[in-house]
Amino acid sequence: MNQSQLLEALNPQQREAVVHTEGPLLVLAGAGSGKTRVLTYRIAFLIERRLAAPHEILAVTFTNKAANEMKTRVESLLNMSVQHLWIGTFHSICARFLRQIAKYIGYQSNFTIYDVDDQIAQIKRIMDFLNISREIISPKVVQYTISQAKNQMKDARQFEKQAYDYRSQQIAKIFWEYEAALRKNNAFDFDDLLIKPIDVFTAHPEVLEAYQRKFKYLLVDEYQDTNKAQYYLIKLLAANHQNVCVVGDEDQSIYRWRGANIENILNFEKDYPETRVIRLEQNYRSTQTILSAANSVVANNVNRLGKNLWSKQGKGEKIKVVETRDESSEASAVVQFIQQLLIQKRLSYNDMVILYRTNAQSRALEEQLRAHNIPYTIVGGMKFYERKEIKDILAYLKVLVNPTDWVSLRRIINFPSRGIGEVTINKLEKFSRQRQWSLFQTLERVREISDLPPNTAKKVEQFYQQLKKIRDQLSRLNALEITQRVVEEFRLKKIYEDSRRPEDESRVENINELLNSIQIFLERNPDSGELEHYLAEVTLMTDIDNWDPSNPTVTLMTLHSAKGLEFPVVFITGLEDGLFPLSRSFEQEDDLEEERRLFYVGLTRAKEQLYLLYALNRRRFGQENFGSFFQSMPSRFLSEIPSRYVERIRWGKQNNRYRRKKESYFRAEKPLTAPLDTLPDEEGKFKIGQWVRHESFGKGQILGVEKSRLGTKLTIYFERKEIKKLVAEYANLEITEETES
């Protein structure tokens, strides 16, 4: 495809973003506005115009899946291979940097990448060594705290300086030992992958200058979700030429809880004063009704640069807002809507997604889907690469590549069982500490451990020789051949094939699937089939990377997982205040704005139809929140959608069927939610100190009166010694003449 053909396929704003090649560029790309198209066409344009060779372009995405798809699309546009294009996630790009520059900070290039489970295993060992009780501090809490510190680019020394209480001081001790253990094991954790290249670039300017000369153009996707380390990394690489194009949408910044900083995109023009700003506002995904509703909701946020999405997809159907009795009723409603859509709209199961705020909400939905024989896939459940049989094989492979990896070696030393028990492992570890050796070196010299029985030493020696035999072949065999040798040599599949347990049959299938995945990796990366490259890729895999949208199943996932995806039909469940938005967001405006952005993301996943559901009662922490309507209020975000875009449905009790609310029904009863200016005016009717009577709670005295979007909110102390917050317009309160006795 030549230059003119490339540009003809773009709208004016997209074309402008593609051809603006010199200097900083900020592309504010609304949901469904073709940002991936802009990125791929921009890369193709740079190469086609000979402004840069593939290896001189660095493109950063947020999933491996997106990176592979973009690479394929660029090759299709140019009808040529772009094998040497640097494209991937921040973590995979930084891992690639570190393969080349780890030596500058005392690491070898064959390092291991520790996932969260590996980190926790290492932390447990350190806590035992330091005699820090796991009852006082959870290893998971320690891992999370260290990760948060690293996200803020704090090392162990900086963390220790700010550790003022007992708990943080204990974590500081663990932090020091954890860093030492990583170095000894030649391992990095996920956060290190981002931080360590910055350390090298800062300490060795000549290394940074080499990369600055190498990459003539930088492209960053989802810039609104970058954290502090990612921000600095891009700033360092772009410091000279400033040919940096960032694409993002501040209205879809939803990862503040894991370190993302929305200020990075809001302040981009301050960081790069010569910035050109282009807004992509034409949406190619959703109907105008869905977009107008989403625009109305997100307009309530203050921290935004602003854009207004529009579409040529037509007005479309109204959004269904569905009131249900409880979570079971909610799930039943979703199932019957799915069944209707299959027949009436001739849709497939994979055209539909069910979204929720927390993973725990999937239980009731799964029960109903199973009861009606509806196939479904959960994204975010047990990940393929976290299954025991897969982690065991990967641990063997990690030890072959990096023999100093203590965590992986300890996992496999007695699996399958070979008579090397915990007592023996402790003796091996003690001996390795005394000699300042790695555990792998100790295996080789096991005969020197005087208090180890000869028979046990022989078993350890045999295990070492098996590993060494395969390790000696690393340079001659590719990743698939090595894995096949490991599976055969250590009987990692045969132990399940010989088993009669039903679950072991699926383990065999998973191992076969792992081998298939390695074959696919080799086909996709013919020039880098080394085992260490494969391990780096799978360690950084996410559940979205392994999700196949073509499977004929209904998809269930959290709203966070749905980012970047689209479906003809979207169900968002659990839309109640306290659940979505979460109650903890009520105290801080920034937190509430992020929850609203998450809702906006959910709305804009829908192409044709959108269902928003909430329950009047929902079991939480094993108990049911019985009570009237006001006790489980619809999400405040629902009231931010103008009524002209909404059709309200109350899910009835009879035969679990629903009925549409007619206009007469609305006149007979209060609306479920409504904008502030359409609610009955109760202001002035209720005052602090008044006594009122409620049908269920009896007599009570008003302690507080405040206006909210849902109406007049009253805080009432009832004679049963309980305080309730009720909305006056729904509570049917009777003012009594009674005064306090």
Side-chain angles (χ1 to χ4, degrees), residues 6-21 24-42 45 61-62 66 70 219-225 244-254 262 264-269 272 275-317 319 562-568 570 593-594 596-608 610 637 640-642 644-645:
L6 271 175
L7 299 180
E8 284 173 6
L10 305 171
N11 70 32
Q13 291 73 31
Q14 292 172 337
R15 190 179 306 123
E16 187 180 359
V18 166
V19 301
H20 182 80
T21 57
L25 174 66
L26 170 60
V27 181
L28 294 174
S33 63
K35 69 180 179 64
T36 303
R37 190 178 187 84
V38 165
L39 287 167
T40 52
Y41 275 68
R42 182 177 171 86
F45 183 79
T61 65
F62 263 75
M70 284 176 59
L219 296 88
V220 185
D221 191 13
E222 305 285 8
Y223 191 70
Q224 76 280 352
D225 288 324
V244 54
C245 167
V246 303
V247 180
D249 180 4
E250 80 282 9
D251 291 333
Q252 296 187 73
S253 180
I254 59 173
I262 193 174
N264 292 348
I265 192 168
L266 295 179
N267 294 330
F268 187 81
E269 293 175 82
Y272 302 90
T275 293
R276 177 73 170 274
V277 180
I278 298 172
R279 284 173 167 80
L280 304 183
E281 297 178 305
Q282 182 177 357
N283 176 284
Y284 292 89
R285 173 190 301 159
S286 307
T287 65
Q288 188 59 53
T289 293
I290 292 171
L291 296 180
S292 296
N295 288 336
S296 298
V297 170
V298 80
N300 289 280
N301 277 0
V302 175
N303 290 315
R304 60 190 304 257
L305 298 169
K307 70 189 72 64
N308 195 51
L309 297 182
W310 59 276
S311 172
K312 292 182 178 179
Q313 305 298 104
K315 184 178 179 180
E317 297 186 25
I319 298 167
K563 181 117 176 301
L565 306 178
E566 59 182 42
F567 297 84
V570 171
E593 289 208 353
E594 175 135 338
R596 185 177 284 111
R597 290 194 293 268
L598 186 59
F599 183 52
Y600 173 82
V601 166
L603 297 179
T604 53
R605 298 313 92 197
K607 297 169 70 174
E608 299 167 11
L610 179 59
F637 298 152
E640 296 174 355
I641 301 176
R644 61 184 177 276
Y645 304 128

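Source: prediction; values computed, not measured. Positions are given from 1 along the sequence.
Side-chain contact between Val297 and Arg596 is present, with heavy atoms from C-beta onward closer than 4.5 Å. Residues Asn264 and Gln224 are not in side-chain contact: their nearest non-hydrogen atoms beyond the backbone lie 4.5 Å or more apart. Between Cys245 and Val27, some side-chain heavy-atom pair lies under the 4.5 Å cut-off. Counting heavy atoms from C-beta on, the side chains of Ser311 and Leu291 come closer than 4.5 Å. With contacts defined as side-chain heavy-atom distances shorter than 4.5 Å, the pair Gln282/Lys312 qualifies. Looking only at side-chain heavy atoms (C-beta outward), Asn11 and Tyr284 come within less than 4.5 Å of each other. Two residues are said to be in side-chain contact when any heavy atoms from C-beta on lie closer than 4.5 Å; Glu16 and Arg276 meet this criterion.
Of the candidates Lys35, Lys563, Arg597, Lys307, Asp249 forms a salt bridge (Lys or Arg N to Asp or Glu O under 4.0 Å) with just one, namely Lys307.
In this model, no donor atom of one side chain and acceptor atom of the other lie less than 3.5 Å apart for Asn300 and Tyr600.
From Ile641, atom CD1 reaches atom CG of Leu603 across 5.5 Å, with rounding to the nearest 0.5 Å. Atom OG1 of residue Thr21 and atom CZ of residue Arg42 lie 6.5 Å apart, to the nearest 0.5 angstrom. Rounding to the nearest 0.5 Å places CD1 of Ile254 at 11.0 Å from CD1 of Ile262. Between the CD atom of Gln288 and the CG atom of Asn295 there is a distance of 7.5 Å, given to the nearest 0.5 Å. Taken from CG in Leu266 to CG in Leu305, the straight-line distance is 5.0 Å, to the nearest 0.5 Å. Taken from CD in Glu250 to CD1 in Ile265, the straight-line distance is 6.0 Å, to the nearest 0.5 Å.
When every heavy atom of Ala293 is checked against every heavy atom of Ile319, the shortest pair comes out as CB-CD1, 3.4 Å. The two residues Ser286 and Asn283 have their closest heavy-atom pair at N-OD1, 2.6 Å.
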Practice task
Assess whether side chain to side chain contact (heavy atoms under 4.5 Å, CB included) is satisfied between Val38 and Leu280, documenting all intermediate values.
Solution key: CA-CA 10 Å; Val38 165; Leu280 304 183; 3.8 Å; yes

Handout entry: Candidate pair Thr604 and Ile290, rule side chain to side chain contact (heavy atoms under 4.5 Å, CB included), full reasoning
Key = CA-CA 7 Å; Thr604 53; Ile290 292 171; 5.5 Å; no

Practice task
Please report the C-alpha distance between Val19 and Leu7 in whole Å, then the side-chain angles of each, then the deciding distance to 0.1 Å, and finally whether the side chain to side chain contact (heavy atoms under 4.5 Å, CB included) criterion is met.
Solution key: CA-CA 9 Å; Val19 301; Leu7 299 180; 3.7 Å; yes

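A donor-acceptor pair under 3.5 Å is absent between the side-chain atoms of Asp221 and the main chain of Gly248, judged by distance alone. Formation of a donor-acceptor pair under 3.5 Å by the Glu593 side chain with backbone atoms of Asn303 is found in this model. No donor-acceptor pair under 3.5 Å is formed between the side chain of Arg279 and the backbone N or O of Leu28. Between the side chain of Ser296 and the backbone N or O of Pro642 there is no donor-acceptor pair closer than 3.5 Å. For the pair Gln14 (side chain) and Ala9 (backbone), a donor-acceptor distance under 3.5 Å is absent. Looking only at distances, no side-chain donor or acceptor of Ser292 sits under 3.5 Å from a matching main-chain atom of Thr289. Between the side chain of Glu281 and the backbone N or O of Asn308 there is at least one donor-acceptor pair closer than 3.5 Å.
Between Phe268 and Tyr272, the distance separating the two ring centers is shorter than 6.0 angstrom.
Applying the salt bridge (Lys or Arg N to Asp or Glu O under 4.0 Å) test to every pair with at least one member in residues 283-305, sequence neighbours left out, gives these pairs: Asp251-Arg304, Arg285-Glu566.
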